[in-house]
Amino acid sequence: MPGEEFVVPLGQSASVRSKYFRINSLIIVCLFALSMISILILESTDNRVLKFFAWRFNHDVEQSVPTIYNYFLLVSNFGLLTYVFLIKRTQKDRDSIYWLILAVVLFLMGYDEAAQVHEKFTQPMRSILPESPLWHFSWTPIGAFVALVVAGFYLPFLMRLPKAVASLMALAGATYLFGALMIETLGGWVDFYNDDRGWRFFLLATIEESFEMLGMVIFGYALLRQISFLQNDDNPASA
């Protein structure tokens with residue numbers, strides 16, 4: 001069939017997908033637990049050595065282990081999206097452009113994760129919006145607007161995908177946005193009423209980042225499922 005030259009086994013069977021999800025879920029749980037320990041250390045000691053290692057596992061720190069892992073998830077999903085786009089493009093599928101746009105979006109999200117670009121919107125937006133704890137992290141209204149536009153643009157595309165893949169992608173998006181917008185807003189509320197960021201803020205930051213990571217893992221699982229459909233390796237009953 002057209003595009004077969006691009007079809008290289010990626011370990012896309014149901015068992016491999018299941019292992020992918022279990023391993024990454026375990027990593028997220030372990031990082032969550034380590035972050036909880038780091039919060040306890042930061043709240044209970046002034047030991048510089050202990051605090052140095054505690055910050056390395058704090059989800060709110062840019063150069064921490066959780067941030068690096070989150071970046072890895074974004075980059076790996078970018079690679080999977082690029083792979084799907086190449087197959088669809090070779091097949092002259094009309095939906096190939098949707099996969100390309102998604103790949104670009106994941107690339108930009110990876111760049112943002114590394115450079116923290118979205119945080120640079122905070123001060124300019126605060127000069128425009130009235131002061132409120134609801135948008136203390138004032139990039140969140142922008143994020144909500146972009147999410148609505150993207151959801152509306154991609155709805156017809158999702159309806160043309162296999163039902164299993166579409167459901168997983170919708171779940172991934174909802175999980176990611178719950179962390180990135182809802183929990184982030186709660187974190188902004190806490191930060192608004194506290195001069196110093198303490199354990200409450202760091203707890204919410206950990207929950208937020210964990211939901212974002214889980215959303216990316218579900219999305220990666222959905223992409224592996226899509227690849228299985230493309231390679232005629234899947235059936236409706238497989239996980």
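Note that the numbering runs from 1 along the sequence shown for the chain.
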**Complete:** From the list Leu102, Thr82, Leu223, side-chain contact (heavy atoms from CB on, under 4.5 Å) with Asn77 holds only for Leu223

Is [Y] close to [X] at the side-chain level, that is, under 4.5 Å between some pair of heavy atoms?
{"X": "Phe52", "Y": "Arg56", "result": "yes"}
{"X": "Leu203", "Y": "Met36", "result": "yes"}
{"X": "Ser35", "Y": "His59", "result": "yes"}
{"X": "Phe57", "Y": "Ile37", "result": "no"}
{"X": "Phe85", "Y": "Leu80", "result": "no"}

About how many Å separate [atom2] of [Y] and [atom1] of [X], when rounded to the nearest 0.5 Å?
{"X": "Ile28", "Y": "Met213", "atom1": "CD1", "atom2": "CE", "value": "7.0 Å"}
{"X": "Leu73", "Y": "Asn24", "atom1": "CG", "atom2": "CG", "value": "6.0 Å"}
{"X": "Ile87", "Y": "Ile227", "atom1": "CD1", "atom2": "CD1", "value": "6.5 Å"}
{"X": "Leu214", "Y": "Ser210", "atom1": "CG", "atom2": "OG", "value": "8.5 Å"}

Given the rule that I, L, V, M, F, W and Y join up when any side-chain heavy atoms are under 4.5 Å apart, are [X] and [Y] in one cluster?
{"X": "Val75", "Y": "Phe72", "result": "no"}
{"X": "Tyr20", "Y": "Leu230", "result": "yes"}
{"X": "Val150", "Y": "Leu155", "result": "no"}
{"X": "Ile68", "Y": "Met109", "result": "no"}
{"X": "Tyr71", "Y": "Phe32", "result": "no"}

**Request:** State which residues pass side chain to side chain donor-acceptor pair (under 3.5 Å) with Arg89; sequence neighbours excluded, sorted by chain then number.
**Result:** none

**Message:** Applying side chain to side chain donor-acceptor pair (under 3.5 Å), can you list everything that pairs with Arg160, at least two apart in sequence or on another chain?
**Reply:**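 Partners of Arg160 by the side chain to side chain donor-acceptor pair (under 3.5 Å) criterion, ordered by chain and then number, come out as Asp95.
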
**salt bridge (charged side-chain N to carboxylate O under 4.0 Å, His left out): pairs with one or both residues in residues 170-179, sequence neighbours excluded** =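 Of all non-adjacent pairs touching residues 170-179, none passes salt bridge (charged side-chain N to carboxylate O under 4.0 Å, His left out).
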
**Message:** Going by salt bridge (charged side-chain N to carboxylate O under 4.0 Å, His left out), name the pairs with one or both residues in residues 29-40, residues two or more places apart or in two chains.
**Reply:**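 Qualifying pairs, neighbours excluded: none.
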
**Ser18 versus Ser15, side-chain donor and acceptor atoms under 3.5 Å** =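 No pair is found: no donor N or O on one side chain lies under 3.5 Å from an acceptor on the other.
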
The criterion is side-chain contact (heavy atoms from CB on, under 4.5 Å); which residues satisfy it with [X], sequence neighbours excluded?
{"X": "Val29", "value": "none"}
{"X": "Ala54", "value": "Ser38, Ile41, Leu42"}
{"X": "Val190", "value": "Asn194, Arg200, Phe201, Leu204"}
{"X": "Val49", "value": "Asn47, Phe53"}

**Message:** Between Glu209 and Glu184, does the side-chain contact (heavy atoms from CB on, under 4.5 Å) criterion hold? Intermediate values first, please.
**Reply:** CA-CA 9 Å; Glu209 294 291 335; Glu184 177 93 347; 5.8 Å; no

**Request:** Establish, for the pair Arg225 and Phe229, whether the NZ or CZ atom is under 6.0 angstrom from the six-membered ring centre and no further than 45 degrees off its axis.
**Result:** no

Run the ring-ring contact (aromatic ring centres under 6.0 Å, His included) test against [X] and tell me which residues pass, sequence neighbours left out.
{"X": "Trp55", "answer": "Phe202"}
{"X": "Phe107", "answer": "Phe78"}
{"X": "Tyr98", "answer": "Phe153, Tyr154, Phe157"}

Side-chain donor-acceptor pairs of residues 164-183 under 3.5 Å, sequence neighbours excluded:
| unit_1 | atom_1 | unit_2 | atom_2 | d |
| --- | --- | --- | --- | --- |
| Ser167 | OG | Lys163 | O | 2.9 |
| Thr175 | OG1 | Leu171 | O | 2.8 |

**Item:** Test log, rule side-chain contact (heavy atoms from CB on, under 4.5 Å), inputs Arg17 and Ser228
**Value:** CA-CA 10 Å; Arg17 292 197 302 272; Ser228 291; 2.8 Å; yes

**Prompt:** side-chain contact (heavy atoms from CB on, under 4.5 Å) between Leu31 and Thr206: does it pass, once the steps are laid out?
**Reply:** CA-CA 9 Å; Leu31 289 175; Thr206 300; over 6 Å; no

**Message:** Atom OH of residue position Tyr69 - does it have more than 12 heavy atoms of other residues, nucleotides or ligands inside 6.0 Å?
**Reply:** yes

**Worked verdict on Lys88 versus Gln226 for side-chain contact (heavy atoms from CB on, under 4.5 Å)** = CA-CA 11 Å; Lys88 290 290 188 179; Gln226 173 65 15; 3.8 Å; yes

